[in-house]
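Lettering of chains follows the sequences in order, A, B, ..., and the numbering in each one begins at 1. Remember, predicted model here, so these are calculated numbers, not experimental data.
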2 protein chains.
Amino acid sequence: MVRERADAARNRLRVLAAAERLFARRGVAGVTMDEVAAEAGVGKGTLYRRFGDKGGLAVALLDERERELQQGILDGGPPLGPGAPPAARLTAFVAAYLELVATQLDLVLMSETSSPGARLRTGAHAFWRQHCRYLLRDANTPESELRADLLLAGLAAEQVHHWLHDEHRDLTDLTHGLSTAALALIQRHP
Amino acid sequence: MVRERADAARNRLRVLAAAERLFARRGVAGVTMDEVAAEAGVGKGTLYRRFGDKGGLAVALLDERERELQQGILDGGPPLGPGAPPAARLTAFVAAYLELVATQLDLVLMSETSSPGARLRTGAHAFWRQHCRYLLRDANTPESELRADLLLAGLAAEQVHHWLHDEHRDLTDLTHGLSTAALALIQRHP
DNA sequence: GACGTTAGCGGACTCGAGTCCGGTTCGTCA
DNA sequence: TGACGAACCGGACTCGAGTCCGCTAACGTC
């Protein structure tokens, strides 16, 4: 693992700053990759070499926010962090994750829908899945892997976008409803 | 509502037949709309006028299979059709729907991922949602609308594809696991 | 059977994502 | 400090989705 070259590092920062500016001004979907490259003063090849595709660019921009949540899960206070019972941690996760997705909806949407299956391939998703699996397993939930995936499918940006924008649901209600559903899933079936 | 023009009807059938041939031979993702148009002996504009986009073409090809399942739900025998208790009907639906998705995976995938949110906008999806909502409501499940969407999110082609292809899960196990999860969701939370 | 209306047709066109590769710059080692 | 190789740069290029609009032919009317 060698250190990142100076020009590469500079261009990476330029691209992220340019993308942030353009996305803020005109929305994620309304900005082309050519425009990002131009705004960053960089060639298109550079963009793609580093970020893979438009979804990868979104992932990079989300990185910081996601790290914060991951940190809170790993060594923050309960109920999100360690120490609380699994059910409480699970509902805390649902609430915190929904909050994150709702505030970064366009970016998450782009990161998850840039290509079919993109959602399931991000590094962040592997983390959320691992965490949910662990909590369900800890609560002796049967089929914990499957149910973790099921819960996360319901938290997908596409679905959240639909609830929030098409059905005009309120984030608070959504959080409550999904937390309750998560509790139903974590329970052993009688 | 006027009757479909003769040339339009002829071209519709030609396009569907051509698409079916090409998709069978080279996979849904490996066929371009130009090729479908050429194989059907029809212009590209005709394709798009009638089917909207590649996802719409997939929807049209799925139509018959979906109608069969819808028929079975509306007036087939129990447990899928009316007569059985809601929980039994729900697990029967999960099994039947998974079966349908698994056997037409590429087509369903195309119909659901051709554009972001496409899955939630198809007519068929409205039917499945309505049915699940009805069953959950009938069983006095709280937040029945939300939970119906959650269940269907887990049955999305993208997710099923991942379970089946990336994780090499067996369809039978998947059916069993998701049926059990559906039962957890239909239950009133203690 | 001729005529006007209009839905439907089709292929050239636009637009953006993603690829490719010749040229350049950086970091290293003598 | 100079030279070498690897990593990186960038913009021209390809490829496919989806649009547009002048033209054609089907259907209803007389």
(message) Quick check: on DNA chain C, is the nucleotide nearest A:Asp53 upstream (toward 5') of the one nearest B:Val42, or the reverse? Name the residue that is more 5'.
(response) B:Val42
(request) State which residues pass side-chain contact (heavy atoms from CB on, under 4.5 Å) with A:Glu145; sequence neighbours excluded, sorted by chain then number. (result) A:Arg133, B:Arg169
(message) Among A:Val108, A:Leu98, A:Leu171, exactly one meets side-chain contact (heavy atoms from CB on, under 4.5 Å) together with A:Val160. Which residue is that?
(response) A:Leu98
(request) May I ask you to decide whether B:Arg10 forms a salt bridge with B:Glu4, counting only side-chain N to carboxylate O separations under 4.0 Å? (result) no
(request) Using heavy atoms to find the nearest nucleotide of DNA chain D for B:Met33 and A:Gly41 separately, return the residue whose nucleotide is more 5′. (result) A:Gly41
(message) Counting only side-chain nitrogens and oxygens, does A:Lys54 get under 4.0 Å of the OP1 or OP2 atom of C:dG18?
(response) no
(request) Could you state the atom-to-atom distance from CZ of A:Arg12 to C1' of D:dC9 in whole Å? (result) 16 Å
(message) Any salt bridge linking A:Glu35 with A:Arg26? Criterion: basic side-chain nitrogen under 4.0 Å from a carboxylate oxygen.
(response) yes
(message) Tell me whether B:Arg129 contacts the main-chain N or O of B:Ala124 through its side chain, where contact means a donor paired with an acceptor under 3.5 Å.
(response) no
(message) Looking at B:Glu158 and B:Arg119, is any side-chain nitrogen of the basic one under 4.0 Å from a carboxylate oxygen of the acidic one?
(response) no
(message) Could you tell me how far apart B:Arg50 (CZ) and D:dA17 (P) are, to the nearest whole angstrom?
(response) 20 Å
(message) Quick check on contacts: within residues 111-122 of chain A, what sits under 4.0 Å from DNA chain C by heavy-atom distance?
(response) none
(request) Find the distance A:Leu47:CG to C:dC20:P and express it as a whole number of Å. (result) 17 Å
(request) Report the end-to-end axis angle of the helix from C:dG1-D:dC30 to C:dA30-D:dT1; each axis comes from five terminal pairs, and the value is rounded to 10°. (result) 10°
(request) Calculate the interatomic distance between B:Leu57 atom CG and D:dG16 atom P; express it in whole Å. (result) 16 Å
(request) List in chain and number order the residues that pass salt bridge (charged side-chain N to carboxylate O under 4.0 Å, His left out) with A:Asp7, two or more places apart in sequence or in another chain; answer none if no residue qualifies. (result) A:Arg5
(request) Could you check how far CG of B:Asp34 sits from C1' of D:dC15, rounded to whole Å? (result) 10 Å
(message) I'd like to compare against my own output: the B/S/- annotation of nucleotides 19-30 of chain D with a strict under-4.0 Å heavy-atom distance to protein.
(response) BB-----SS---
(message) Please report the interatomic distance CZ(A:Arg147) to CG(A:Leu136), rounded to the nearest 0.5 Å.
(response) 8.0 Å
(message) Assess whether a salt bridge exists between A:Lys54 and A:Glu112, defined as any Lys/Arg side-chain N lying under 4.0 Å from an Asp/Glu carboxylate O.
(response) no
(request) Quick one: list whatever passes ring pair (Phe, Tyr, Trp, His ring centres under 6.0 Å) with A:His125, sequence neighbours left out. (result) none
(request) Find the distance A:Glu35:CD to C:dG18:C1' and express it as a whole number of Å. (result) 16 Å
(message) Of the listed nucleotides (D:dC8, D:dG10, C:dG10), which one gets closest to any side-chain atom of A:Ala8?
(response) D:dC8
(message) Any side-chain N or O of B:Asn11 below 4.0 angstrom from OP1/OP2 of C:dG8?
(response) no
(request) Indicate whether any N or O donor in one side chain lies under 3.5 Å from an N or O acceptor in the other, for B:Asp34 and B:Thr32. (result) no
